[in-house]
Number of protein chains: 2
Amino acid sequence: MRVPTVLGAKQDAETPAANRSRDAASTRLLLLKAARRRFARHGYSTTTVRDIAADAGVNVALINRYFSSKEGLFEACLRQVGEDLGRPAGSTTTIEHTLEKMLTRVADQPSGDHTMQLLLLLRSSGDDRADQIRLSTLRSFTEGIATSAGWQAGSADDDKLLLRAQIAMATALGVVLLRSSTGLEPLASATAEDLRDPLGEVLATLVAPTGL
Amino acid sequence: MRVPTVLGAKQDAETPAANRSRDAASTRLLLLKAARRRFARHGYSTTTVRDIAADAGVNVALINRYFSSKEGLFEACLRQVGEDLGRPAGSTTTIEHTLEKMLTRVADQPSGDHTMQLLLLLRSSGDDRADQIRLSTLRSFTEGIATSAGWQAGSADDDKLLLRAQIAMATALGVVLLRSSTGLEPLASATAEDLRDPLGEVLATLVAPTGL
DNA sequence: GCTCTATGTAAACAAGTGCTGACTTAGGCA
DNA sequence: TGCCTAAGTCAGCACTTGTTTACATAGAGC
């Protein structure tokens with residue numbers, strides 16, 4: 001009674017290639033998803049292409065077919081994250097809205113997709129091009145925060161505000177990393193509610209315009 | 001005119017085994033130092049034992065002789081960091097003193113020893129025992145922060161204070177990681193002075209008793 | 001039904017990995 | 001001086017890694 005898989009259908013990582021019949025786009029997505037999890041959780045060099053392929057329920061050689069190399073797959077993951085995170089920049093959003101979005105992302109469950117995205121920004125393959133993508137993603141994201149806090153690129157001493165936005169980003173990333181990769185309690189299993197107050201205070205202290 | 005190396009003499013990592021003649025303790029230290037840098041900067045699986053040995057100016061096989069395995073060397077690094085960081089716990093220190101110490105550590109130059117120590121706490125080899133050491137180091141360190149802020153283990157809802165101390169730790173680690181492993185400016189080349197104000201505010205917001 | 005191409009499979013290769021065992025050598029000591 | 005042990009060296013093994021190459025096959029178009 002299995003219907004043929006449609007393109008882009010949700011596939012649980014646990015039951016990978018259950019019903020999938022020679023659909024290139026679909027296997028590409030399976031690989032991307034599995035790779036993002038592995039890379040985010042264990043880093044680039046720790047994860048093997050065989051691991052990723054197994055998670056995706058797909059033959060190893062297809063990684064090279066669809067992404068040229070392990071490196072290419074990593075870059076693709078990074079680009080995807082960049083697209084997902086790059087959106088909310090722009091001065092039209094209020095600082096409250098921006099911080100709220102950061103809060104929900106950080107407070108996501110440690111194995112959730114948002115967590116994986118943020119973690120990936122901390123992983124490096126050593127390759128220059130990948131590092132470039134990561135850097136520009138981080139830059140545009142932190143500039144988005146700063147902008148919504150009143151920052152204008154170029155204005156000399158407002159570099160301080162950009163610096164503060166980057167420290168806010170560092171806090172977010174640090175919390176996510178500590179939550180997911182060490183079992184440090186109570187942080188590791190703190191709920192979104194638990195985190196809201198302290199994290200909110202920190203972010204407000206850093207970049208809320210009244211706080212300056 | 002070279003004098004024989006005394007035990008524990010400082011050895012620049014750039015000129016490793018210049019004058020050193022069959023001194024086991026000294027080569028052990030050379031290996032530890034080189035390993036800590038490599039592991040902290042590039043992670044466990046990225047660094048090879050041959051890299052470490054080369055940095056230390058020492059034969060590869062000596063790693064296994066002195067530390068049993070690559071894993072053993074990693075654990076030794078972790079233990080060393082635990083000893084160095086474990087000291088300043090205790091309720092005798094004031095919160096100001098504790099935060100001051102954190103500040104100077106985080107604001108250390110991105111290639112400095114303090115930075116390496118903190119970075120190492122974010123690296124994992126996947127081995128359970130190593131992870132245990134890392135976790136207990138993080139735990140004791142964050143408990144030290146919380147304690148100097150008035151926390152008493154066990155008191156029920158003061159878990160909030162411990163959580164705040166752990167978020168403070170996350171901030172510190174996040175800043176260090178972002179500074180050293182991405183070239184994100186202006187954070188990457190911010191001076192200690194640049195960082196003092198914003199970081200100080202964040203830490204105070206989190207764990208300064210008056211801030212509650 | 002037949003064919004032809006996109007998709008997937010299987011096996012193997014070259015390079016690099018951690019680690020080991022047999023060897024050499026420096027340097028203290030009788 | 002001449003051992004003798006600790007310290008260091010060297011070559012290679014067993015294994016994993018990313019990648020490639022040759023092959024199998026599903027499924028659309030005729």
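To find a chain, count down the sequence lines: A is the first, B the second, and so on, and within it residues start at 1.
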Are [X] and [Y] within salt-bridge range, i.e. N to O under 4.0 Å?
| X | Y | answer |
| --- | --- | --- |
| A:Glu75 | A:Arg79 | yes |
| A:Asp55 | A:Arg37 | no |
| B:Arg134 | B:Asp131 | yes |

Over how many whole Å does the gap from [X] atom [atom1] to [N] atom [atom2] extend?
| X | N | atom1 | atom2 | value |
| --- | --- | --- | --- | --- |
| B:Asn59 | D:dA11 | CG | P | 11 Å |
| B:Leu29 | D:dA7 | CG | P | 14 Å |
| B:Leu62 | D:dA6 | CG | C1' | 12 Å |
| B:Ile63 | C:dC19 | CD1 | P | 9 Å |
| B:Asp23 | C:dA26 | CG | P | 16 Å |
| A:Arg65 | D:dA22 | CZ | P | 14 Å |
| B:Asn64 | C:dT20 | CG | C1' | 8 Å |

Q.
Treating B:Arg41 as the side-chain partner and B:Ser181 as the backbone partner, does any N or O pair qualify as donor plus acceptor under 3.5 Å?
A. no
request  = Would you check if the side chain of B:Lys70 reaches a backbone N or O of B:Thr47 as a donor-acceptor pair within less than 3.5 Å?
outcome  = yes
Between the CZ atom in A:Arg179 and the CD1 atom in B:Ile167, the distance rounded to the nearest 0.5 Å is 9.0 Å
So CG of B:Leu73 and CG of B:Asn64: to nearest 0.5 Å the spacing works out to 9.5 Å
Does anything in residues 40-47 of chain B come within less than 4.0 Å of DNA chain C? Heavy atoms only, and list the residues if so.
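The stretch gives B:Thr47 as the residues lying under 4.0 Å from the strand, ordered by number.
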Would you jot down, in residue-number order, the residues of residues 66-74 of chain B having a non-hydrogen atom under 4.0 Å from DNA chain C?
->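 B:Ser69, B:Lys70, in order of number.
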* Side chains of A:Thr205 and B:Thr205: do they bring a donor and an acceptor to under 3.5 Å? ->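 Result is yes, a qualifying pair exists.
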| task | Given side chain to side chain donor-acceptor pair (under 3.5 Å), test A:Ser148 with A:Thr93 step by step and report yes or no. | result | CA-CA 6 Å; A:Ser148 73; A:Thr93 18; 5.6 Å; no
- Task: Look at the rings of B:Tyr44 and B:Phe74 and say which category their plane angle falls in: under 30° parallel, 30 to 60° tilted, over 60° perpendicular.
- Result: perpendicular
Indicate, yes or no, whether a donor-acceptor pair under 3.5 Å links the base of C:dG16 to the side chain of B:Arg50.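 Under the 3.5 Å cut-off, the side chain and the base do not form any donor-acceptor pair.
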Counting primed atoms, P, OP1 and OP2 as sugar-phosphate and everything else as base, the B/S/- map of nucleotides 25-30 of chain D against protein heavy atoms under 4.0 Å is BSS---
Using a heavy-atom cut-off of 4.0 Å across all strands, would you classify B:Ala24 as base, sugar-phosphate, or nothing?
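Since only primed, P, OP1 and OP2 atoms lie under 4.0 Å of B:Ala24, the category is sugar-phosphate.
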Result for 5'-nearest mapping on DNA chain D, choosing between A:Asp51 and B:Ala61, is B:Ala61
Practice task
Apply side-chain contact (heavy atoms from CB on, under 4.5 Å) to the pair A:Met102 and A:Ile145, showing each step before the final yes or no.
Solution key: CA-CA 9 Å; A:Met102 273 188 82; A:Ile145 301 172; 3.6 Å; yes
Original post:
Reckon A:Thr27 has a side-chain N or O less than 4.0 Å from the OP1 or OP2 of C:dG8?
Top reply: yes
